[in-house]
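Notes follow the structure.
Chain letters run A, B, ... following the sequence lines, proteins first and then strands; every chain starts at 1.
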Amino acid sequence: MINITLPDNSVKQFEEGVSGLEIAKSISEGLARNVLSVKVNGEVWDATRPIRKDADIKLLTWDDKEGKETMWHSSAHLMAEAVEKLYPGVKFGIGPSIDQGFYYDIDLGDRMISENDFPKIEKKMQELAREKQTFDRKEVSKKEALDYFDKKDDEYKLELISELEDGQITLYKTGDFIDLCRGPHLPNTGFVKAVKIMSVAGAYWRGDEKRKQLTRLYGITFPKQKMLTEYLQMIEEAKKRDHRKLGKELELFTFSQNVGQGLPLWLPKGAMLRERLEQFLKKVQKDAGYVPVICPHIGKVDLYKKSGHYAKYGEDSFRPIQTPEEGEEYFLKPMNCPHHCEIYKSKPHSYKDLPIRLAEFGTVYRYEQSGELHGLTRVRGFTQDDAHIFCTPDQLKDEFNGVIDIVMHIFKALDFHDWTAQVSLRDKNDKGKYIGSDENWDKSEKAILEVAEERGLKFKVELGEAAFYGPKMDFMVKDALGREWQLGTIQVDYNLPERFDMEYTGSDNLPHRPVMIHRAPFGSMERFVAVLIEHCEGKFPLWLTPEQAIILPISEKYQKYAEKVLTLLENYDIRALIDDRSEKTGKKIRDAELRKIPYMLIVGEKEEESNSISVRKQGEGDLGTFGVEEFADMINKEVEKQTAP
RNA sequence: GCCUAUGUAGCUCAGUUGGCCAGAGCAGCUGAUUUGUAAUCAGCCGGUCGGCGGUUCGAAUCCGUCCAUAGGCUCCA
């Protein structure tokens, strides 16, 4: 007999070799029907795998993250089995579970799969699921594994096996399909009740663009049909928040094929919104001791050779511009830092001057690959809310903290809660990717980690994600469809001060090297506005929205009164307009609701007589009658509250 | 850049065995209506069917190519 400890710390005795599934059955049949896998001493196992020693266990169901992973990973096998039956002779790469579902990378040879083929794959998967095939685990030697996949001529599995250690290789067999796999898996395929192939895409083998491109099939499965329906509905809802759709509908920005790919055109309403964001940050920065600078959009190629950017990105940039005379080449600036370095160098500095914080909303141009462009989140011309802080090594930590303060202030004013900080460090095994001394890297990486920990930030560390010149902390936020984007960024740089030979005179009267911090709390105005649109579904906070109120006269008779109200509101700095069309009030309300204007002010006979307005709030309905000044005060108080530090 | 799709009026979308002057709703314009909390009525205007080339007696429809867009891969100073 062995002792099994359940999550509630109760201990039960079972025969040696009992499985998670059998333990579940001993508790209740209902539970047994829902157990997908089992966590044994912290490791997720097949629910059918025998447990031979005392153990802490947790039975995993759909409600557990690991339960979902088991379901989806097994579904990847199920899909592979279906594909192998429908397309005999195909070879398989990897097939993991992901955040929402799973995928499998497949080498189809000369054949191809398109969306039209999804239904028959889904049908086959459902057929196989109904057979309740078991996932049979088998521990094999490396040689056995290699022999099997060699016979199958599957070079991808062979490559994976060759990197594994002998003695820890397992195969899983489902129906006729045998796969190299660590597991765990479902008790049987019957747990999969709803199946949907989501999309097909090309994916390079092992993420290397120099290697073969395989066909990646994305899918998702559920233990209930209803869950699939709900999931698909949720995606449809999320699409309504897509900034590309709302940007068009709300007339914020557009693109023109004649201007070029990835070059956004800000329409008046979008521009007003963006300007307000910029003014907001400018004020915050002024209070935090930043000073403005302005630089041109081009700079000599030599400037970027000096900074090191040319060697790294020169070939992948827009081609240089040439002067009419021979010999001089200029780049469209892909970043502002080299210019700001030259500003620092325009005069000698004392340690008493530092820190110096140079800020600029600088528009930059980068040649992004065409397949990467995406609405306003990934573009070829964009404006960074950039600043460079030049400080002494001793000041680095305080300055870093000061920048985080600004980022937090912005997130609060815009009601962003769902962000994570990502600390990107270098990959010490990939030295060629980075420039600068190990000593400086170590120093700056340590500083960032200390700050993150001291502030108690929710952060994760990513090795190998650092910029080529230094480590960084990025603030990540998800878009409507769950894709993560980098917004704010703070980057430490010991490299440019070196390359530009920047100095300050210390109290010891000797020259010293300053440290540089690149930082952009919004990141880029384009991307930030995109994420903001999705975040608030186009219903911007009152302080930001281009149109705060719309006056709706009941009929032309009240046009004069509407104009009077407008003038009053304008005196209170409220952004309002009048809908003077010859339409019924219901129509005007409907249109204003769709334009997501926060307040609708209805004026007719009643209001004119009592010198008032009827206020309707977008999305909420009638708020009752207000005096105009009373309403204006209410609006201005709300705005003040939203932007308070 | 690569894989797979898509591209018809300002917007959303009909239009497939290739066949008369390519349709609808919304938006816009004109007129009527003078309107009370999510769509008043009528008329009108508006399209090189993404561009170019080809097959065909005939192409929005079939083929090629380029451009743009979407989902992914790679990349992201």
| task | Determine the Euclidean distance between corresponding C1' atoms of B:rU8 and B:rC13; express it in Å to zero decimal places. | result | 9 Å
| said: Between the base of B:rC2 and the side chain of A:Q213, is there a donor and acceptor pair under 3.5 angstrom? | reply: yes
| remark: Taking B:rG71, B:rA27, B:rC73 as options, the one with an atom nearest any side-chain atom of A:K587 is B:rA27
| task | Name the closest nucleotide to the A:R244 side chain, picking from B:rG71, B:rU37, B:rU4. | result | B:rG71
| Whole-angstrom distance between B:rC11 and B:rC57, as gauged at atom P | 37 Å
| Nucleotide B:rU35, atom P - distance to CD1 of A:I554 in whole Å | 9 Å
| field | C1' atoms of B:rG31 and B:rA68, separation to the nearest Å | value | 41 Å
| request: Scan A:G586 against the nucleic acid and name what it touches under 4.0 Å (heavy atoms): base, sugar-phosphate only, or nothing. | output: sugar-phosphate
| said: Base, sugar-phosphate or nothing for A:G371? Non-hydrogen atoms, less than 4.0 Å. | reply: base
| query | What's the closest nucleotide to the A:R366 side chain, out of B:rA77, B:rU37, B:rG72? | reply | B:rA77
| request: Give a yes or no answer on whether the side chain of A:E563 reaches the backbone of A:K560 with a donor-acceptor pair at less than 3.5 Å. | output: no
| said: Starting the side chain at C-beta, find the nucleotide from B:rA5, B:rU34, B:rU69 nearest to A:Q261. | reply: B:rU69
| Rounded P spacing from B:rA5 to B:rA24 in Å | 33 Å
| query | A:K606 side chain to A:S612 main-chain N or O, any donor-acceptor pair under 3.5 Å? | reply | no
| Do any N or O atoms from the side chain of A:R211 and from the backbone of A:Y204 form a donor-acceptor pair under 3.5 angstrom? | no
| Contact nearer the 5' end of RNA chain B, comparing A:S114 with A:S317 | A:S114
| Rounded distance (Å) that lies between atom C1' of B:rG50 and atom CZ of A:F255 | 18 Å
| field | Whole-Å distance separating the CG atom of A:L373 from the P atom of B:rA70 | value | 8 Å
| said: In whole Å, measure the gap between the P atoms of B:rU55 and B:rC44 for me. | reply: 41 Å
| query | So what does A:R616 touch, heavy atoms closer than 4.0 Å: a base, only the sugar-phosphate, or nothing? | reply | base
| note | Residue set satisfying salt bridge (Lys or Arg N to Asp or Glu O under 4.0 Å) with A:K345, at least two apart, ordered chain then number -> none
| Roughly, in whole Å, what's the span from CD in A:E583 to P in B:rU35? | 14 Å
| query | Aromatic rings A:F222 and A:Y231: how do their planes relate, parallel, tilted or perpendicular, breaks at 30° and 60°? | reply | tilted
| query | Taking atom types as they are modelled, is there a donor-acceptor pair under 3.5 Å from the base of B:rU34 to the side chain of A:E556? | reply | yes
| said: Less than 6.0 angstrom separating the ring centers of A:Y469 and A:H518, yes or no? | reply: yes
| field | Any donor-acceptor N/O pair under 3.5 Å between B:rG72 base and A:Y204 side chain | value | no
| query | When the distance from CG of A:D579 to P of B:rU34 is rounded to whole Å, what number comes out? | reply | 18 Å
| query | Quick one: A:D386 CG to B:rA77 P, roughly how many Å, whole number? | reply | 13 Å
| Reckon A:H374 has a side-chain N or O less than 4.0 Å from the OP1 or OP2 of B:rG71? | yes
| remark: Of the listed B:rA38, B:rU34, B:rA5, the closest approach to the A:E115 side chain comes from B:rA5
| request: Establish, with yes or no, whether the OP1 or OP2 oxygen of B:rG1 is under 4.0 angstrom from a side-chain nitrogen or oxygen of A:S370. | output: yes
| request: Give a yes/no on whether any side-chain N or O of A:K584 is located under 4.0 angstrom from OP1 or OP2 of B:rA39. | output: no
| query | Between atom NZ in A:K557 and atom P in B:rG36, what is the gap in whole Å? | reply | 10 Å
| said: Which nucleotide wins on minimum distance to the side chain of A:Y469, given the candidates B:rG72, B:rA38, B:rA77? | reply: B:rA77
| said: I'd like to know if A:R244 and A:D242 make a salt bridge, using a cut-off of under 4.0 Å between side-chain N and carboxylate O. | reply: yes
| note | Dot-bracket assigned to RNA chain B with the 3.5 Å Watson-Crick/G-U criterion, [ ] for crossing and | for other-strand pairs, is (((((((..((((.....[...)))).(((((.......))))).....(((((..]....))))))))))))....
| field | B:rG46 versus B:rA9 - spacing of their C1' atoms, nearest Å | value | 6 Å
| message | Taking the nucleotide of RNA chain B with the nearest heavy atom to each, does A:G260 or A:E605 sit closer to the 5' end? | response | A:E605
| request: Return the nearest nucleotide to the side chain of A:S199; candidates are B:rA5, B:rG36, B:rG71. | output: B:rG71
| query | Looking only at atom types and distance, does a side-chain atom of A:E534 sit under 3.5 Å from a main-chain N or O of A:A480, one as donor and one as acceptor? | reply | yes
| message | Nearest to the side chain of A:E593, heavy atoms from C-beta on, is which of B:rU37, B:rA38, B:rU34? | response | B:rA38
| query | When you measure from the side chain of A:Q491, which nucleotide among B:rC73, B:rA70, B:rA77 comes out closest? | reply | B:rA77
| message | Should A:Y313 be counted as stacked on B:rA77, where stacking needs a ring-centre gap under 5.5 Å and an angle between planes under 30 degrees? | response | yes
| Mind checking whether A:Y156 and A:W205 have parallel, tilted or perpendicular rings, split at 30° and 60°? | perpendicular
| task | Compute both the distance and the angle, then confirm whether A:R380 meets the cation-pi test with A:Y365: under 6.0 Å from the six-membered ring centre, within 45 degrees of the axis. | result | no
| query | Is the NZ atom of A:K478 crowded by more than 12 outside heavy atoms at less than 6.0 Å? | reply | no
| request: Would you please classify the geometry between the A:H77 ring and the A:H73 ring as parallel, tilted or perpendicular, with 30° and 60° separating the classes? | output: perpendicular
| said: Would you say A:R483 places a side-chain N or O within less than 4.0 Å of OP1 or OP2 belonging to B:rG71? | reply: yes
| query | Could one point to a donor on the side chain of A:S582 or the base of B:rU35 with an acceptor on the other under 3.5 Å away? | reply | yes
| said: If I take atom CG in residue A:D430 and atom P in nucleotide B:rC75, what distance separates them, rounded to the nearest angstrom? | reply: 11 Å
| query | Looking at B:rC75, does its base get a donor-acceptor pair with the side chain of A:R378 below 3.5 Å? | reply | yes
| task | Using the side-chain contact (heavy atoms from CB on, under 4.5 Å) rule, pick out the option among A:V615, A:L623, A:T625 that qualifies with A:F631. | result | A:V615
Distances for protein N or O near nucleotides 6-16 of chain B N or O, under 3.5 Å:
none

| query | Can you tell me how far C1' in B:rU17 sits from the matching atom in B:rC76, rounded to whole Å? | reply | 49 Å
| Inter-nucleotide C1' distance (B:rG25, B:rC21), Å rounded | 23 Å
